[in-house]
Each structure stands twice: as structure tokens, then as C-alpha cells.
Visitor: 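Okay, here's the structure, questions in a sec.
None of the values given here were measured: they were computed from a predicted structure. Lettering of chains follows the sequences in order, A, B, ..., and the numbering in each one begins at 1.
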Number of protein chains: 2
Amino acid sequence: MADTPGAPEPSLDEQIAAYQREFQDLDPQVEKVVSALSRLNRRMNVAYGRQTAELGMSNAEWEVLKALVLAGDPYRMGPGDLAKRLGLTPAAMTHRIDRMVAEGLVTRERDESNRVRVIVGITEEGRAKWLEAMRMATVFEEELLQDLSGEERHRLGEMLTRLLRRVEEAQPDAGGRLSDLD
Amino acid sequence: MADTPGAPEPSLDEQIAAYQREFQDLDPQVEKVVSALSRLNRRMNVAYGRQTAELGMSNAEWEVLKALVLAGDPYRMGPGDLAKRLGLTPAAMTHRIDRMVAEGLVTRERDESNRVRVIVGITEEGRAKWLEAMRMATVFEEELLQDLSGEERHRLGEMLTRLLRRVEEAQPDAGGRLSDLD
DNA sequence: CCTGAAGACTTCACCTCTAAACTTCGAAGC
DNA sequence: GCTTCGAAGTTTAGAGGTGAAGTCTTCAGG
């Protein structure tokens, strides 16, 4: 019974050793970076998800609020632009806005100057929840980086930015359909 | 008409400037690291998704194949363990295995020594597709890191590992329900 | 004007995941 | 040996996504 305790979730190094065993021409240094990136992101999303759940919303809804706030002053965007920004289909955006309107986080109106367009705006409540989520997120993020010195944080940010530039050049389009946060 | 061209997807630095404008007590250095991590991961998933699509499968299916190969020699696991490993509910695992059996990537048999248990194994075809996906993935990953020296790669891996240790301590459980790769 | 084409959102059909109820087998107690 | 409990998978209902088709508005030509 202690023989197969379940699935002890292998450590990063164990996982890389297993990859090398099964696939010889693997560069362990590259794999370590890539696997750590994926695992980190999953854990971060879990952490954010718990925080947004405390506020009675989902990460998906928080994404919309972030996009609206980042858009700047009138804090309004069309569903199409929101969809591009978040990497969703317009159809998904329609449904997500439906829910958020029902929950009082955003408003939806027709643009009177061009009645084919729709304008999504953030409500007071949406803004307040965005702020509270940001507060919680920054606390978590500071904890996450607490073992790194200022110099290390700088170097880490700089290296990640270089990687990002590389992929963004290779994927000039906004980047497709997969789930994630900003 | 050039007034609202769509949504030019803000650069990382523009995004961080916008955050500082809207939320003063934000540490830009921390935010840069965190935002770069999220964006990088999204782009990586897009890249992997294109590669697995070329092989006629999804990232989700590739995840299952990876788990089976990493499990080592008999290359078999129960659905429950697979679900824990991938952060899915058992129900989702049942359906995913259904599809993969139909596509000939894995097999499903009952464990004769304990007939409540089920054993999922990888087929020849599954193994071949896993291998091909790994080949494509390593090419992409090498390109991704091409701007970093060996020394930089080492430091990057080491710093990411430190961050990972920090979150894994804070989330001792396997880590919840959110989508992602390993 | 009126018409055809393009753009922006919505609707529809289907797919995948979650949460919770259900089924079945194995193990422990009497 | 029968009963009860617990563990492992599956089934079901509902949330949220995609892609394709549909609707409505605007705009450029005839």
C-alpha cells in the first residue's frame, strides 16, 4: 500500500532526469528553464485564482477589468478589442461580458456615433474589485520574489524580456487562442 | 481611421507604465518579471499548440503522453494518478482518455489484480508522436534561448528554480485546477 | 437613393472541463 | 460469509470556450 502512494509529483530535477533518460539529445539546461517557466506559471495562476475567488470573481473576469483599466482614461473598450487583447474569440467575449454585466462589474452600451459598435465600460464596483485584486496580487508577487536581491530581479527581468522579444518577433500576430493571464 | 486602429497590443514597458499610472504603489521591477513570465508562457503555449496541431493532436493530449513517458519503464499509469499529475479532475481524465483511445494514442485496460483499477498505457503511435513533438519542442526551445549565453542560462534556471521552490512551499498540495503544460 | 460589400457583434451547435452523484470492487469487522 | 466502508472510475448537469453562420449598420459606387 505504501508501494504506490499516488503520484508524488516529481521534483523539477527528477523530471529533467527522466526526460534525459527517455530522450538523449535534450539540453538539460534549456529544459530546466522551460519547465520552471511552465510550472511557475501554473502555480501563479492558482494563486491568482484563489485571490480572485475571494472577491467572488474568476481570473477571467479579472483579466477584463485589467484590460479596461490599462486602456486609460475613459476606461472603455469595444468587445472586439477586448477579445484581441485577451486572446479570445468575439463569441466568448460576448458571453463573458453578459456575465460581468449581470454581476455589475461592467456596463455595455451602443456607441451612438456608430451604432454597430458596442462600448464596454467599468463600473464603480468593477473598479473597486480590480483595485482589491491588485493589492492582493502585489503582495503575492512580492513574496514570490522575496529571495531575489534587487540586482537579481533586474537581471531576471532583463533576461525574460529578451526571451519575450524573441518569441514576439516569431509570432508577430497577437498570439492566438490559449488561456492565460497578463 | 488611423485613430482607432484596433488594439496595438501594448509593449511590456507600456503596460507597466500604465499600471504605475493607475496603481501607484506598484514595484515596476517586480511587475516586469511577473508580466514577462505570463506573456512568455502564453506565447510558448501558442508555439507548442501549433506544433502539436501539426501532428494532429492537442497540447492536452501531448501532456498525457509526456506524463506516461516520464513515468518510466512499463509506461503505464492509472487515470487517477494522471489526473493528479496534470491537475485535472478525474472526470476530465476519463473523457480525455476516451478520445485518446479512439485516436490510437493510448490503451485502457482493467487491472486484473484489482478490478476497480484501470491502467492507461501508451501505444506505438503515441510514443512516436510524443517523440516527434519533443523534437519540435526542443528546436523551438533552443531558438527561444538563443540570445542567452551558457552562463546566463544557468543563472536564469537557478533563479526560476528559487521562485518555484517558494511557491511550491506556499502551495504544498499538487496545485489545483488551472490549464497549462509542463 | 439604392445596392452590394465589409465590419462588429451575436447566435447556434458542439466540445471540454468542473462538481457532484453514482457504480463497482476490495478490505475490515462481526 | 455477510455487511459496511472506502477507494477508483464513470456518468450527468451545467459553465465557459471555439468556429461558423446570421444580423444589423455603415459606406462606397452607380
Visitor: Salt bridge or not between B/Arg155 and B/Glu151? Use side-chain N to carboxylate O under 4.0 Å.
Guide: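 Between B/Glu151 and B/Arg155 there is a salt bridge, with a charged N closer than 4.0 Å to a carboxylate O.
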Visitor: Taking the minimum atom-to-atom distance to the side chain of A/Ala60, which one of D/dG17, C/dA8, D/dT18 wins?
Guide: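 My answer, after comparing the listed nucleotides, is D/dG17.
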Visitor: Tell me whether the side-chain N/O atoms of B/Arg96 come closer than 4.0 Å to OP1 or OP2 in C/dC17.
Guide: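 Indeed, a polar side-chain atom of B/Arg96 lies that close.
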Visitor: Between D/dC24 atom C1' and A/Arg115 atom CZ, what is the distance in whole Å?
Guide: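 Computing the A/Arg115:CZ to D/dC24:C1' distance gives 10 Å.
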Visitor: For DNA chain D, whose closest nucleotide is more 5', that of A/Pro90 or that of A/Arg110?
Guide: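 Looking at the nearest nucleotide for each, A/Pro90 comes out on the 5' side.
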Visitor: Hey, is the main chain of B/Asp147 close enough, under 3.5 Å, to the side chain of A/Arg162 for a donor-acceptor pair?
Guide: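 Checking the backbone N and O of B/Asp147 against the side chain of A/Arg162, a donor-acceptor pair under 3.5 Å is found.
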Visitor: In plain terms, say whether A/Glu132 and A/Arg135 are close enough for a salt bridge, that is, a side-chain N and a carboxylate O under 4.0 Å apart.
Guide: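 So A/Glu132 pairs with A/Arg135 through a salt bridge.
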Visitor: When you measure from the side chain of B/Thr94, which nucleotide among D/dT18, D/dT12, D/dG9 comes out closest?
Guide: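 Of all the options, the side chain of B/Thr94 is nearest to D/dG9.
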Visitor: Taking only the side-chain heavy atoms of A/His95 (C-beta and beyond), determine which of D/dG19, D/dT12, C/dC12 contains the nearest atom.
Guide: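 Looking only at side-chain atoms, A/His95 lies closest to C/dC12.
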Visitor: Within the structure shown, what part of the strands sits under 4.0 Å from B/Pro79 by heavy-atom distance: base, sugar-phosphate, or nothing?
Guide: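 It contacts sugar-phosphate atoms only.
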Visitor: Just how far, in rounded Å, is P of D/dA8 from CG of B/Leu82?
Guide: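 One finds 14 Å between P of D/dA8 and CG of B/Leu82, rounded.
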Visitor: Pick the closest DNA chain D nucleotide for A/Ala91 and for A/Asp111 by heavy atoms, then say which residue is nearer the 5' end.
Guide: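 Comparing both residues, the 5'-ward one is A/Ala91.
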Visitor: With the side chain of B/Arg108 defined as its heavy atoms from C-beta on, choose the nearest nucleotide among D/dT10, C/dT10, D/dT18.
Guide: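 Selected nucleotide: D/dT10.
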Visitor: Using atom types as modelled and distance alone, determine if a side-chain donor or acceptor of B/Glu61 lies under 3.5 Å from a backbone N or O of B/Ser58.
Guide: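 Checked: pair present.
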Visitor: Which of these nucleotides, D/dG9, C/dC9, D/dT25, is closest to any side-chain atom of B/Val118?
Guide: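 Closest nucleotide among those given: D/dG9.
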Visitor: Over how many whole Å does the gap from B/Lys84 atom NZ to D/dA8 atom P extend?
Guide: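 That distance rounds to 7 Å.
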Visitor: Can you find a pair of side-chain heavy atoms, one from B/Glu22 and one from A/Leu70, that are under 4.5 Å apart?
Guide: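 Heavy-atom side-chain distance check fails, nothing below 4.5 Å.
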Visitor: Tell me: CE of A/Met77 to C1' of C/dC9, nearest whole Å?
Guide: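 Distance check: A/Met77 CE to C/dC9 C1' gives 15 Å.
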Visitor: Which whole-number value in Å describes the distance from B/Arg99 CZ to C/dC14 P?
Guide: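 One finds 17 Å between P of C/dC14 and CZ of B/Arg99, rounded.
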Visitor: Could you give the CE-to-C1' distance, from A/Met93 to C/dC9, as a whole number of Å?
Guide: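 Spelled out: CE on A/Met93 to C1' on C/dC9 is 12 Å.
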Visitor: Separation of B/Arg76 atom CZ from D/dA8 atom C1', in whole Å?
Guide: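 Rounded to the whole Å, the gap is 17 Å.
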Visitor: Expressed as a whole number of angstroms, how long is the span from B/Asn114:CG to D/dG9:C1'?
Guide: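 The distance from CG of B/Asn114 to C1' of D/dG9 comes to 12 Å, rounded to the nearest Å.
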